[in-house]
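Have a look at the structure below before the remarks.
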2 protein chains.
Amino acid sequence: MAYTSSGQMEQTTKQPTSEVPKLADVAAAAGVSTATVSRCLNTPDRVTKKTLKIVMDAVDRLGYSPNYSARALAAGRTNTFGAIIPTMENAIFARGIQAFQEELQENGCTLLVASSSYREDLEEEQIRTLTVRGADALLLIGYQRDRRVYEFLEKRKIPAVMTWVSDPEKNLLSVGFNNRKAMKLLADLVLEKGHTSIGCISAETAPNDRARDRVHGIRDAMQAAGLDPAALMVEETQYSIENGDIAFRKLMSGPVRPTAVMCGNDVLAVGALRAASALNMRIPQDVSITGFDDIELASVAPVPLTTVHVPHRRMGQFAAKALMAALNGEEPDSVELPTNICIRDTLGAAPR
Amino acid sequence: MAYTSSGQMEQTTKQPTSEVPKLADVAAAAGVSTATVSRCLNTPDRVTKKTLKIVMDAVDRLGYSPNYSARALAAGRTNTFGAIIPTMENAIFARGIQAFQEELQENGCTLLVASSSYREDLEEEQIRTLTVRGADALLLIGYQRDRRVYEFLEKRKIPAVMTWVSDPEKNLLSVGFNNRKAMKLLADLVLEKGHTSIGCISAETAPNDRARDRVHGIRDAMQAAGLDPAALMVEETQYSIENGDIAFRKLMSGPVRPTAVMCGNDVLAVGALRAASALNMRIPQDVSITGFDDIELASVAPVPLTTVHVPHRRMGQFAAKALMAALNGEEPDSVELPTNICIRDTLGAAPR
DNA sequence: TTGAAAAATGTAAGCGCTTACATTTTTGCT
DNA sequence: AGCAAAAATGTAAGCGCTTACATTTTTCAA
């Protein structure tokens with residue numbers, strides 16, 4: 001009777017199994033100790049095939065499933081990961097996070113997602129919340145945050161991976177891509193088409209290092225092509241179709257009309273597309289427009305969008321793998337994924 | 001020394017506070033028992049103002065935050081809610097779930113979201129997973145699922161709220177709206193405009209009671225208007241812009257061309273819109289198109305969409321409130337929210 | 001066959017918190 | 001001032017699991 005879960009004697013009137021079975025019940029049913037049951041569940045190779053079978057049969061028979069809180073408390077790990085993304089409102093992060101989640105799930109881990117609304121202070125708060133909630137590790141977007149945050153994570157020994165960015169210079173684990181280089185490559189292509197008057201619709205660069213890098217990339221290309229990088233006309237706004245529309249109109253009503261408008265992401269580009277067609281501008285004959293990300297929206301836009309394809313799914317998967325490795329005491333390497341340009345119908349030769 | 005967390009004597013070399021402080025440390029620092037600290041945190045009104053202050057000061061000073069696993073284990077509640085939605089890929093559920101989450105967060109609760117890909121079997125699996133993970137309560141979409149699932153929840157005493165639907169006949173807690181009635185109202189309007197040949201692009205109705213109800217609503221209106229409900233031309237497909245496009249073309253290439261196409265949601269409607277303009281049909285002169293949901297997409301579509309507005313945010317909030325009430329042993333009432341028709345530019349008089 | 005090393009299993013001490021119950025303090029009367 | 005009831009606080013027993021360590025069983029070379 002050593003392992004029955006309740007101290008009371010067996011009643012003559014048997015309980016109708018309304019109670020959820022616990023580890024000790026399985027142990028009793030299988031005639032082994034709780035430690036053995038625990039091993040069968042967590043480290044099956046430390047147990048005889050025979051006992052494994054007996055125990056697993058008991059598990060099935062009782063319909064046992066472990067209490068995660070108890071497990072977390074005893075083991076000191078929650079198997080819960082956190083991700084803090086700037087927004088859930090549009091699809092920018094959806095695919096990558098989805099892949100991240102799937103990869104975790106396959107390994108028995110859970111994901112908690114929070115959003116920061118592109119605000120550093122809120123991000124910090126969310127990081128603390130998720131940590132307190134017991135997240136074993138975190139996925140973050142970009143590098144830009146107070147050093148205090150990094151110190152906090154360091155102190156708590158919580159592995160974190162930065163995503164959507166890549167900078168080998170930084171001594172931080174990252175799984176992402178080089179925004180600046182990716183955008184430069186697309187800009188090179190735009191310049192090759194003969195455009196000299198370039199506009200750019202970007203997310204707000206102050207709180208967003210990815211956006212900043214992308215704008216930088218355009219300037220790099222201009223410089224390389226012998227143009228004045230300062231001539232780039234930049235409109236900053238928040239990511240939304242509506243805002244892309246507005247920003248495009250602003251660019252078009254300025255003193256110098258750009259012949260190509262490079263957008264910081266596909267959502268803005270679709271807004272620009274809409275504005276252009278509302279202004280009776282033909283694409284790409286009158287104006288070229290490019291995006292970034294290659295989300296579904298890009299391919300179903302009124303005119304399919306020339307954009308930069310980002311391997312979101314692979315990024316999510318690798319990020320998960322890296323964090324799980326870090327939790328196992330390994331020292332995973334950062335990975336920089338290649339992006340590639342996705343040529344569709346919105347980029348053409350400069351007019352005239 | 002009764003409440004220090006470590007049994008060892010104070011070392012001469014003080015630890016650099018690397019260890020995360022625990023309840024007992026706070027108790028020791030405040031000079032009270034662990035019970036009192038716990039009460040300060042959970043039921044502050046059961047404690048003197050004075051001790052509350054002392055304890056909270058200690059909490060701040062030590063930077064204490066409770067271990068949620070331990071709390072969950074001891075209290076038998078996790079303060080975690082689960083939501084299982086058919087898909088995260090488009091924005092249909094985003095707003096409602098976001099509001100649900102915000103409401104929970106305000107009350108110190110966490111949300112775990114999983115998706116079922118519109119498959120009953122996967123939904124059941126996710127329900128079990130979330131339950132095992134310790135979800136105290138669940139938000140589900142629609143009514144349609146095996147009775148076994150309801151029994152399971154009943155047995156485990158896990159409150160669940162059905163959302164995006166409302167049927168007072170069902171003896172289940174729900175916070176939602178009447179899909180059939182909502183769609184009928186819109187269909188009434190379409191019929192008033194003189195349309196007699198109606199098409200419908202719907203989600204697959206087999207696994208989706210909301211979609212089924214909406215189609216039903218159109219038929220109700222036709223019947224009421226003296227038309228043959230069986231004459232409704234229905235195309236079923238999965239929710240995506242692309243599929244809406246394809247379905248629209250199918251409808252238009254059938255033996256009878258509908259003059260109005262009512263879509264099961266806004267995403268499909270935007271696809272239909274795109275197809276129409278690709279086919280050089282003017283909206284609404286040549287063909288009327290309607291949506292359902294009123295997500296952002298609807299108002300930024302090439303032609304702003306006439307659609308049914310669903311109060312997603314309020315639905316999410318009420319759902320959260322209902323579940324929290326249920327967990328407190330109350331018996332919350334189901335709530336049916338009103339929808340309303342959002343008239344924009346895609347519905348016009350029947351041609352000729 | 002024997003015995004030491006390796007493998008399997010068992011024992012029991014927590015993990016950090018909540019809460020029933022016991023005890024002490026305060027309150028509000030008379 | 002004195003007393004019973006109410007309020008505040010303290011005591012300590014778990015919540016269900018993992019795991020260090022102890023014990024038993026198996027393996028395998030001599």
Side-chain angles (χ1 to χ4, degrees), chain A residues 1-8 19-55 58-59 62 64-79 108 131-134 136, chain B residues 1-8 19-55 58-59 62 64-80 108 132-134 136:
Chain A
M1 297 306 297
Y3 306 118
T4 49
S5 69
S6 59
Q8 50 185 225
E19 296 303 323
V20 180
K22 39 202 65 161
L23 223 203
D25 296 321
V26 176
V32 299
S33 73
T34 56
T36 299
V37 176
S38 180
R39 285 187 197 105
C40 288
L41 264 27
N42 299 307
T43 50
D45 35 282
R46 290 180 132 40
V47 139
T48 323
K49 277 225 154 182
K50 206 181 73 188
T51 48
L52 183 61
K53 176 159 181 7
I54 296 177
V55 169
V59 165
L62 299 186
Y64 169 78
S65 49
N67 176 317
Y68 276 70
S69 302
R71 173 177 284 191
L73 179 57
R77 284 177 293 98
T78 60
N79 283 343
T131 305
V132 161
R133 280 267 171 204
D136 286 337
Chain B
M1 297 301 299
Y3 306 119
T4 48
S5 70
S6 60
Q8 49 184 229
E19 295 304 322
V20 179
K22 40 203 65 161
L23 224 199
D25 296 322
V26 177
V32 299
S33 72
T34 57
T36 298
V37 177
S38 179
R39 283 191 279 258
C40 287
L41 264 26
N42 300 307
T43 51
D45 35 281
R46 291 182 130 40
V47 138
T48 321
K49 275 225 157 184
K50 206 181 72 187
T51 48
L52 183 61
K53 175 158 180 9
I54 296 176
V55 168
V59 165
L62 299 185
Y64 169 78
S65 50
N67 176 318
Y68 277 69
S69 301
R71 173 177 283 191
L73 179 57
R77 285 177 293 97
T78 59
N79 283 343
T80 296
V132 162
R133 280 266 169 205
D136 286 337

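The figures here come from the full heavy-atom set of this structure, side chains too, leaving out hydrogens, waters and symmetry mates. The sequence lines fix the lettering, A, B, ..., with proteins before strands; numbering per chain opens at 1.
Using a 4.5 Å heavy-atom cutoff, the side chains of T51(B) and R39(B) are not in contact. Within the 4.5 Å cutoff, the side chain of I54(A) has no heavy atoms near those of the V32(A) side chain.
Of the side-chain N and O atoms in T51(A), one or more sit less than 4.0 angstrom from OP1 or OP2 of dT9(C). When the side-chain nitrogen and oxygen atoms of Y64(B) are compared with OP1 and OP2 of dC17(C), one or more of them lie within a distance under 4.0 Å. Contact annotation: T36(B) reaches the phosphate of dG10(D) (side-chain N/O to OP1 or OP2, under 4.0 Å). For T48(B) and dT9(D), the shortest distance from a side-chain N or O to OP1 or OP2 is below 4.0 Å. Regarding contacts with the backbone of dC15(D), every side-chain N or O of N67(A) stays at 4.0 angstrom or more from both OP1 and OP2.
Checking dA12(C), dA12(D), dG10(D) against the side-chain heavy atoms of T34(B) singles out dA12(D) as nearest. Considering only the side chain of S38(A), dT19(D) comes nearest among dT19(D), dG16(C), dA8(C). Side-chain proximity of S33(A) to dT9(D), dT18(D), dG10(C): nearest is dG10(C). In this structure, of dT9(C), dC17(C), dC17(D), it is dC17(D) that holds the atom nearest to the side chain of L23(A). Of the candidates dT18(C), dT18(D), dC17(D), the closest approach to any side-chain atom of K22(A) belongs to dC17(D). Taking only side-chain atoms of A74(B), from C-beta outward, the nucleotide of dT18(D), dG16(C), dG10(D) with the closest atom is dG16(C). Distances from the side chain of A75(B) to the nucleotides dT9(C), dT19(C), dC17(C) place dT19(C) closest. The nucleotide whose nearest atom lies closest to any side-chain atom of A35(B) is, among dA12(D), dT18(D), dG16(C), dA12(D). The listed nucleotides are dC17(D), dG10(D), dC17(C); the one nearest the side chain of R71(B) is dC17(C).
Atoms CG (N42(A)) and P (dA8(C)) sit 16 Å apart, rounded to a whole Å. Here the C1' atom of nucleotide dT18(C) and the CZ atom of R46(B) are 13 Å apart, to the nearest Å. Following rounding to the nearest Å, L73(A) (CG) and dT19(D) (C1') show an atom-to-atom distance of 13 Å. Atom pair D25(B):CG and dG16(C):C1' shows a separation of 10 Å (rounding to whole Å applied). Atom CZ of R39(B) and atom C1' of dG10(D) are 7 Å apart (whole Å). Here dC17(C) presents its P atom at 23 Å from OH of Y68(A), a figure rounded to the nearest Å. The CG atom of D45(A) sits 12 Å away from the P atom of dT9(C) (whole-angstrom rounding). Computed from coordinates, the N79(A) CG to dT18(D) C1' distance equals 13 Å when rounded to whole Å.
When all heavy atoms are compared, the tightest approach of D25(B) to V20(B) is OD2-O, 4.4 Å. Scanning both residues, Y64(A) and K22(A), for their nearest heavy atoms gives CE1-C, 3.4 Å. Considering all non-hydrogen atoms of both residues, C40(A) and P44(A) come closest at O-CG, 3.6 Å. Listed here is the closest heavy atom pair of R71(A) and P66(A): NH2-CG, 3.5 Å.
Mapped onto DNA chain D by nearest heavy atom, R77(A) and A70(A) fall at different nucleotides, with A70(A) at the one closer to the 5' end.
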